[in-house]
Each structure stands twice: as structure tokens, then as C-alpha cells.
Amino acid sequence: MTKEYDHKKIEQKWRREWEKHELYKTPASPEDHGKPKCYVLDMFPFPSGEGLHVGHPKGYIASDIYSRFKKMNGFNILHPMGWDAFGLPAEQYAIKNKIHPRIAVEKNIARFKEQLSLIGFNYDWDREINTTDTRYYKWTQWIFLKLLEKGLAYESFEPVNWCPSCQTGLANEDLDGTRCERCGTEVEKRPMRQWVLKITDYADRLIADLDDLNWPEHVKEAQRNWIGRSEGALISFQLIGFSFQLDVFTTRPDTLFGATYCVVAPEHELIDKLKSKISNWDEVLTYREDMKKKTEIERTAEGMEKTGVKLVGVTAINPVNNEKLPIFIADYVLAHYGTGAIMAVPAHDSRDHEFAKKFDLPIRAVIEPVTGEKRENEEFRKSIVAIVHNKKDDTFLSINWGDKLGGNLFVGGGRENDEDPLACAGREIGEETGYKNVSFISQTESIHHHYRAHSKGVNREIEAVGLYFELDDNEQIPIKREEDEKGKFTVEWIARSEVGNKIKDELHALAFDLLVNGSVYSGAGIMINSGKFDGMTNDEAKKDITEFAGGQLKTTYKLRDWVFSRQRYWGEPIPVIHCERCGTVPVPEKDLPVKLPDVDSYEPTGTGESPLANIRDWVNVKCPKCHGDAKRETNTMPNWAGSSWYYLRYIDPRNQNALVDKEKEKYWSPVDVYVGGDHATRHLIYARFWHKFLFDIGAVNYSEPFKRLEFLGVILAEDGRKMSKRWGNVVNPDDIVELYGADTLRVYEMFMGPFENASAWKTESIIGSRRFVEKIWRIFSKVKSENEKLKTTIQNEKLTTLYNQTLKKISENIEDFKFNTAISAMMILANELEKEESIDQEMFEGFLKIFAPFAPHIADELWHDMGHDSFIYNEPWPEYDALKIQDEMMIIAVQVNGKLRATFEIARGTEEEEVKKQALLIPEVLKWTDDKKMKKVIYVKEKLVSIVI
RNA sequence: GCCGAGGUGGCGAAAUUGGUAGACGCACCAGCCUUAGGAGCUGGCGGGAUCAAACCCAUGGAGGUUCAAGUCCUCUCCUCGGCACCA
């Protein structure tokens, strides 16, 4: 008789056993280092007061499974856990509950740890770290000192994002658009002293090194976006009557001849210097004041009309042609990007175009669009493309030439050298479609187009003009057609939404885009209206024109330096001392850590100063240099500081002499798999930045910290919303473990769907995973030892094949983080095993081993019940038998004209001719092939026979 | 607007190089078992048509390539995520 599956008893028992035997201790001795290593890392949690919900463990379960798998495959694994416990939420929790943050953090950690322990993870708790531990943040401060030493940390007085609700300055990364991402309050710009890290120095490397990382594309892309590298040129414009110049940044120096005005951001410092010559100063001031009042959101709202004011009296000189250009201030130019000023080229930039239209400024095209690829021996022709719009049903006139001649085109035609394009278009419309009465609306500049005229067998370069007409009425004249053209092409009106689909020709599509959609051409082409540069491609002209204008090529970034100081209590004190005589003096390394003092009130002062400023005993110190009176820096670090290097500390968590021993680091780094969600830009950029810095100063061995990133999809509540106390939809893992068991919870969370998919929690569905776990328990009673087996059935070929296939698939799936299909494969095998009267012991042992990473408690229970004394964790991973992953028989599908008509079974290894012959004899196939001529019969090895008739 | 990831049953989802679409699970239906409920077991479960079978349709939509398309190509619509007046 089988015993009951009592998950509570079993799970508790095995957790105790594991602990007792220190099963999950990371090997530390050097002789163990001969083995390959695998560092599996979770994004460590912030221990909030709310405790864990069922979404939290998802990533931990995955990393647990992966690391157990690697361990059984012979790797030394490092799989640690710790706490990211500094930061505003901890402080706010403490203020609200009137306890010291340190006490609150301790309490919350204890609760988190308790919850985690119920799930049966293989964490090595000897390596636990806590960012708020003085022994830990000593090294966070040490890194800051090194940054300071290398000139990568500096004090700045630039206006900073200030959250009035959180009472602190924030980095750009801490904003959600223009709001504080934590509390949703609109941030202000506030001038104040702050510490800033020069992350921009690393911008290029942070982008370039992404290429070699095994990370999800969207995370890499988010980082590229955030860093926002763009290559362009710095061009200086002389200002008439001033000795200084107006510097602009542009990515399109090739369009310099098309600049018709300049714009500077309203906040630009240059404006005050120009005051003496500006005759409408009042107007300028008013505009600037208005801009200040407007929130960022109002300024950047979509569909916002462009606004601006001309600086009457000041003129810039275009360095390439000495043209006098008016200067405007307008808020569509941002002060903090590039130089805060632009040259405007309305012909080739949609924003400048919009502004120019509104202020009636000249628009000069300097690039002639070129479409198609240049070919050999081109014949040159001039032509037109005429687009006729019928307002009544919003359709466009086209001619369908049939699939061979390019499908639908607008009306087109050759134009004699001196023929007026407008007249030509009118003539062609009449000749080809019969429509008589159309009104001209607009036309494009010339467009060059290279193509091969297949019907004539020649390559052509055409210079076309696009023209746009409105249909007046339906009056038509009979179409004259050559005899051989009749019926070959037909006139069709196509709907606006169908144009993209039907008009495939590049030239015609571009004409539509420019004329009908009103797009501004910003693509490639050849230079026109640009003096000696005419005729060059715009790409070639970029460098030449920059040089000619006396400018220089330059790369800019959207990424700003990292605002690193917070005016709050609960963070690492910035280890710096301000001395009146010596200035800013770093705290000597030997004096680290600068411990956070105890205070009566850790609430923000409201003055923009940290609460630390009020602790006189702490603030007042002697200057390390001159030993005179000095004051400590009272700002603290953001909570992203501790998390920017924690993964290194796990390698050597108790080291007193260095943040990590370099030899140990060499062995364990880099992190092989980093598991977590969110943080696509912030944490992962900051950590990469610090890591590269540590690499540069020789503190670590590799230049990237995380080789592979597995991005986790969140678990939402059943209502599809985020799981949160606020919505009252939180599911506590403790309850699930109590009711269904940790093993079931683990299986369920991995079976929910692809790991990277977000999915909604469904308590209803857990039962399936529980049934599966119970099924394994039941199957166990059928396991027969070798001796018993002799009495029972002979070995089942099919089952052996399936078993070996499953071993292979599980190994591959775990490596690829495809846990859902791994579980599905185990279920299939379990279903088959259940049908058997008796199960081979060796096979079941193998099954238990692959099941163990997913459900370690029940696996160890059954493992021991089979008579083993070892832990399954220390067992080797079962290898599949390559000779046994294929059935003796193969199933061949038979298709007739692409449709499946039958399947049949035949011995593997049967010759192609024989398989074909058999296929053709099947009655279901004969029915379709009967008395019809067979064109061919295709055989796809071991898969199918396809018959074409 | 730009970039990225997607769109397959009632639901979560599977599907080597193009090669039997919907594996596995949930829910649901029927039967067995049970005093009953639940659990368990057996069978069914994309849509249409039919007594039933043959058959027809079907992977957001439209075209295309191919003996063969969820998978490749062109276009288009929608959803989610990131950036967003970034010159």
C-alpha cells in the first residue's frame, strides 16, 4: 500500500535535511576550482513591508532549477541571495510605522527569508549580503572614492530634478516622463549642489559592448535608446555685431545650404548676451517666462503647435554661403541636448518645416531624392508621376498593368526635354485614363529613380516630377489604345488605405508620401542648391561640408551624467568632507565606512538639505588634510548605488581588505545567467558602468558583469492588474505552499507559460500541476527492482525511446529557460509511465533526477524511498542514449497536391523508392491519384511523401 | 513618430532546417466510481457539414514564393514594451 503524499511533512523534512548537511554550501577551496563554474544570479529584492507575493519567486524558481541542473551536470555553482535595503521606500515605511529604518529592514528581511525558505531554494545563505550593512557599504563608499579620485565624480550646480513630495533630487533615470517614478509627482527643476557621476564618459563602451551580450534584444535596444548616441557635426555661425558665435549641433551637416534660420532654446544662456541688440526684448522675456510656467508635459504634448519668438536685431551668418539667417527662440529646441541650438532646414526636417510654415520662413530643398539602385548603362529620361485624387470617395487614380509589369502605378509617362511637367501630366492623364477635368494642387521637386525596365530590357535613370491633382468631374474621353495594348492594363481607383499595399513602385510610393501625406523628405539623395557640392551624394557631402564650414564631426548622447546625491537619511553617506581651506576632501580610505549616525528624526528637512545636516556631532569633523574644522557631506547615495556592484560581493562576502578578491573574482565572474525583470535601463546601465570602471582601475577581471540575461515576465493578479496591497489582489506564496506544497508551486509557476511572458495568476489552474506531482508519487508504487523485473514484462521499446527523448529534451529546455515545455515533456512521459504495469527502476531514477530541479522535496523523498542514502542534488545528471531516441518505425505523412491525405507506418531505414511505392498503394491516396497523371513524387526523409498531380 | 517584442481554440500555450497545426495543462461535456459533494479514472473537446464518414474552412488581414507556409517575402491592421520636438 502506498503512503499518502503529505507535502507538508515531506517538504519540511527535506529542508531540514538539506540544511543539516549543508548541501547548498558553495565550494570555496581552490582544488574545487578545477571544475567549470556557473554563477547564477537573481536580482536581489528590496525587502518591503508587504512581504513576498507569488510573483516574486518566479525568477528565483527559474534560477534555482537552472543552478540545480548545472550542479548535477558537474559545475561548481554560485547561487546567492541578499537584500537591497537602502532607499526611500524603506525610509518611508519606517517613518510611517515610527520605527528606525534599520529595525524595519531587519524585520522585513526576516519575513522575506522565512517566506523564501518555504519554497526550497538552494541558496547558500552563508553568502547573504545586505547593502545597509556597514561592512558592505564600506565598499560602496570605497568605489565612490575611486570615482572621485579618477575625476568621474564631481559636484555640480546645474538645476536638478526635484521631487517636492519625496523631498529629494532625482536622476533622469528616476523619472517617468516628467514625473517622479516613485510617487507620480510632477518634478521641478531646482538649482542646488549635487554629486554627479560621469557616466557619459562610458556611453560609447556601454553601447558598443552590448553587441556581445547574450541579452534579450528589447533590453539591449532600451539601453541603446536611453544612451541615445548620435553622430553629427558642430557648426559655428557668426553673429553680426558680436565677437562670439552661435554653435549648433546637427546630424545633417549635408543640408547646411538649406538652413534658412536658426533656433535656440528659450533657456539658452546666449540670449542674455545678445540682449543689447534685441529690439523686442520684452516679447522675448515674456516667452521665456511663459515657458518656465508651462510644465514639461504641456510643452511636449502631442500635436502641440510650434511656438517661438524672433530675436529681432540679431542675425547669424551661414558659414557656407554667408547668408543672413534670422534667429528664433522656440521651445521645440531643448536646452540640454546638443548645444541647445539648431540650424533649421525646413525642407528636410519635419519639425523645422512645421515651424517655417507657421512663421512663413523660406524653405529651400538641397537634396534631391534618389530611389532605386544605380545600374550599368543607364538610359536617361525625364518623366512625371501624376496622382489624381477623387474627393468624393477618397480614392486615387491608378493603372493596373498586371502582375508582370509591376501591378498598380499612378499615371506616369515620359516627358520631352522642354515639356512643362504640368502639361505633360494633364496629357498623360487624358491619354491613359480618359479623365478630362482635373485641378492641379501641388508638385514635388525632381526625384531621381533608377530601375530596370524589364519589358524593354534596358536600365534607366529617370528624373521625375510628382504632381498632385484633384478630380473635378467624371467626364471622360475615349481612351486611345494601340491594338496590342488593349485589355492589358485597366484603370482602377484605389482607396487611400490600399495605396501602401498596391503601389509597390518606390518612386510612385515616394511621390504619394510627399504629395498626399505631406511628408518632408529626410532620406538620402544628391546635393542640389549647394554650390560646389552639387551632384555629390549627401552622404559624401556630410564630411566635406562640415570641413568647408569650419565645423567638426561630433557625437552626442541623450544620456546625462548620473545625479548621485539624495537629500534623504536612509542611504550610504557620501564619504567626503568639506573644508573651508582645503575644499572638498575625500574621507581617507582607512576611515571607511562613514557610518550613518543614529538620529531622532530621519524625516526630510524640507529645506533641500539631508536630515544628516542636523546631527552636529556627526557633521562637524576635522579636515583630514589640514586638521582644521570641517563638515561632512550630508547627502546620501541613491539606492541604485548598492545594487550596482552587489553581485561581486557574493563571490567574497566577508573580505575585509578588498571589495572582492581578484583571484576568486577571476574564477566566478562573470555572472553566467542573470535572472530578473524590470530595470532594463537603470540598474543594468549603472551596474555595467561601475563594472567597467572597476575593470579600468584593475579591481575586476572582466569588462562586462552579466554574460547572459534572462528577462522575466511578471505574474499579474487574476484580475490582470499588478499584484499589490492597494488592489487587494495579492496572493501569498505561503498560502499556496500550505495548501498545495512548494513543489507544486514551483512546477506551476514554471508551467504557466514562456518564462519571459507576463501572465495572470490563476489559482484554479494550479490543480493541474498538483495532479502531476501526485502522479509521480503514484507511479512510484509501480517501480520494480531489477530482480522483480525479471518476473514481469520485457522492456518496452516505445517507452525506452520516449524516455531517452525526454532526457534530451529536458536538458535542452532547461539550458534555454524553456521550463514550460520541459514540464510538458515530463508530463507526457509520466502519462505513459502510468499506463505501464511496472516500471524499470533505472528509468524511474532517471526520471526523478530530471524532475528534482523542479520539485526537489518530493524527488529526495522518493529517491530515499528507493533505498538511496545520497541526496539527489549530488547525483550526476542522466545522459540520454543517442541510439535509443528514435523509434524503429517511422510515421510517414502522404500529401497529394499539398493536402494531407493519409499517414502510414513503415520501418525506419526503408529505402526511398520503397516508401514512395508503399505510399502510392494506400487506398486513401489512390482515391486522389486515381487515373491522374503524376507529375512528381517528393520524399522528405523520414517525414513525408508529397505527390503532385 | 521611431525602435523592439508579439497576434495560433473558451483560457495558458506547443509546433527542428518550411514538412501531419493546436502537443501538454486548465475549463467544459459525457460515462464510471461515490449516500452526496469533492477527488480519482475513462472518453470527448478549433469551426462548418453530416445519422456517420468522406469532405470543406482555419494560425489578425491581403497578396506572393513553394509540391508544401503559423514558419520565408511584400504590404496592412491590432496589442504590449521602450524612447519621444534628442536636431
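Computation of the quantities below employed the complete heavy-atom set of this structure, encompassing side-chain atoms and omitting hydrogens, waters and symmetry-equivalent molecules. We name chains A, B, ... by the order of the sequence lines, and we start the count at 1 in each one.
Base contact: S824(A) has a heavy atom under 4.0 Å from a base atom. Nucleic acid contact for I938(A): base, since at least one base atom lies under 4.0 Å from a heavy atom of the residue. Residue contacts for P216(A): at a heavy-atom cut-off of 4.0 Å it reaches no nucleic acid atom on any strand shown. Among the protein residues, R224(A) comes within range of no part of the nucleic acid, since none of its heavy atoms lies under 4.0 Å from any strand. Using a 4.0 Å heavy-atom cutoff across all strands shown, K936(A) reaches sugar-phosphate atoms only and no base atom. Base contact: Q895(A) has a heavy atom under 4.0 Å from a base atom. At the heavy-atom level, N757(A) lies under 4.0 Å from the strands shown only through sugar-phosphate atoms. Among the heavy atoms of the strands, none lies under 4.0 Å from G228(A). Across all strands, S946(A) comes closer than 4.0 Å to base atoms (heavy-atom distances). Residue R560(A) is out of contact with every strand shown, counting any heavy-atom pair closer than 4.0 Å. Counting non-hydrogen atoms under 4.0 angstrom, T251(A) reaches the backbone sugars and phosphates but no base. Residue I823(A) is out of contact with every strand shown, counting any heavy-atom pair closer than 4.0 Å.
When the C1' atom is used for both A84(B) and G12(B), the distance is 34 Å, rounded to whole Å. Taking the C1' atoms as reference points, G7(B) lies 11 Å from G70(B), given to the whole Å. Across A21(B) and A58(B), the matching P atoms stand 13 Å from one another, rounded to whole Å. Rounded to whole Å, the separation between the C1' atoms of G60(B) and C80(B) comes to 15 Å. Only the P atoms considered, U66(B) is 23 Å distant from G61(B), to the nearest whole Å. Rounded to whole Å, the P atom of G43(B) lies 43 Å from the corresponding atom of G81(B). Comparing the P positions of G48(B) and A36(B) gives an interatomic distance of 35 Å, to the nearest angstrom. On the C1' atoms, G22(B) is 15 Å away from C57(B), given to the nearest whole Å.
Judged by distance alone with a 3.5 Å cut-off, a donor-acceptor contact links the side chain of K306(A) to the base of C85(B). No donor-acceptor contact under 3.5 Å links the side chain of K809(A) to the base of U16(B). For S765(A) and C26(B), a side-chain-to-base donor-acceptor distance below 3.5 Å is absent, hydrogens and geometry of angles not being considered.
Here the C1' atom of nucleotide G19(B) and the NZ atom of K899(A) are 16 Å apart, to the nearest Å. In this structure, L944(A) places its CG atom 10 Å from P of A21(B), rounding to the nearest Å. K835(A) places its NZ atom 12 Å from the C1' atom of U42(B), with the value rounded to the nearest Å. Atom pair K502(A):NZ and C75(B):C1' shows a separation of 12 Å (rounding to whole Å applied). Atom CE in M826(A) sits roughly 15 Å away from atom C1' in A23(B) (whole-Å rounding). Atom CG of N225(A) is separated from atom C1' of G4(B) by 8 Å (rounded to the nearest Å). Taking atom CD on E181(A) and atom C1' on G82(B), their separation rounds to 15 Å, with Å as the unit. Counting to the nearest Å, the C1' atom of G12(B) and the OH atom of Y748(A) are 8 Å from each other.
Remark on RNA chain B: of its neighbouring residues Y337(A) and L900(A), the 5'-side contact belongs to L900(A), judged by nearest-heavy-atom nucleotide.
Closest contact between the side chain of V948(A) and the listed nucleotides C67(B), C85(B), G4(B) involves C67(B).
Aromatic ring centroids of W226(A) and Y557(A) lie 6.0 Å or more apart. A centroid separation of 6.0 Å or more is found between the aromatic rings of F751(A) and F772(A). For Y803(A) and Y880(A), the ring centers are positioned 6.0 Å apart or more. F711(A) has its ring centre no less than 6.0 Å from the ring centre of F755(A).
In this structure, the side chain of E718(A) engages the main chain of T763(A) through a donor-acceptor pair within 3.5 Å. A donor-acceptor contact shorter than 3.5 Å is absent between the side chain of H508(A) and the backbone of I503(A).
Across L246(A), D349(A), D352(A), a single residue satisfies side-chain contact (heavy atoms from CB on, under 4.5 Å) together with I342(A), and that is D352(A).
Side-chain N/O atoms of K762(A) include none lying less than 4.0 angstrom from OP1 or OP2 on C26(B).
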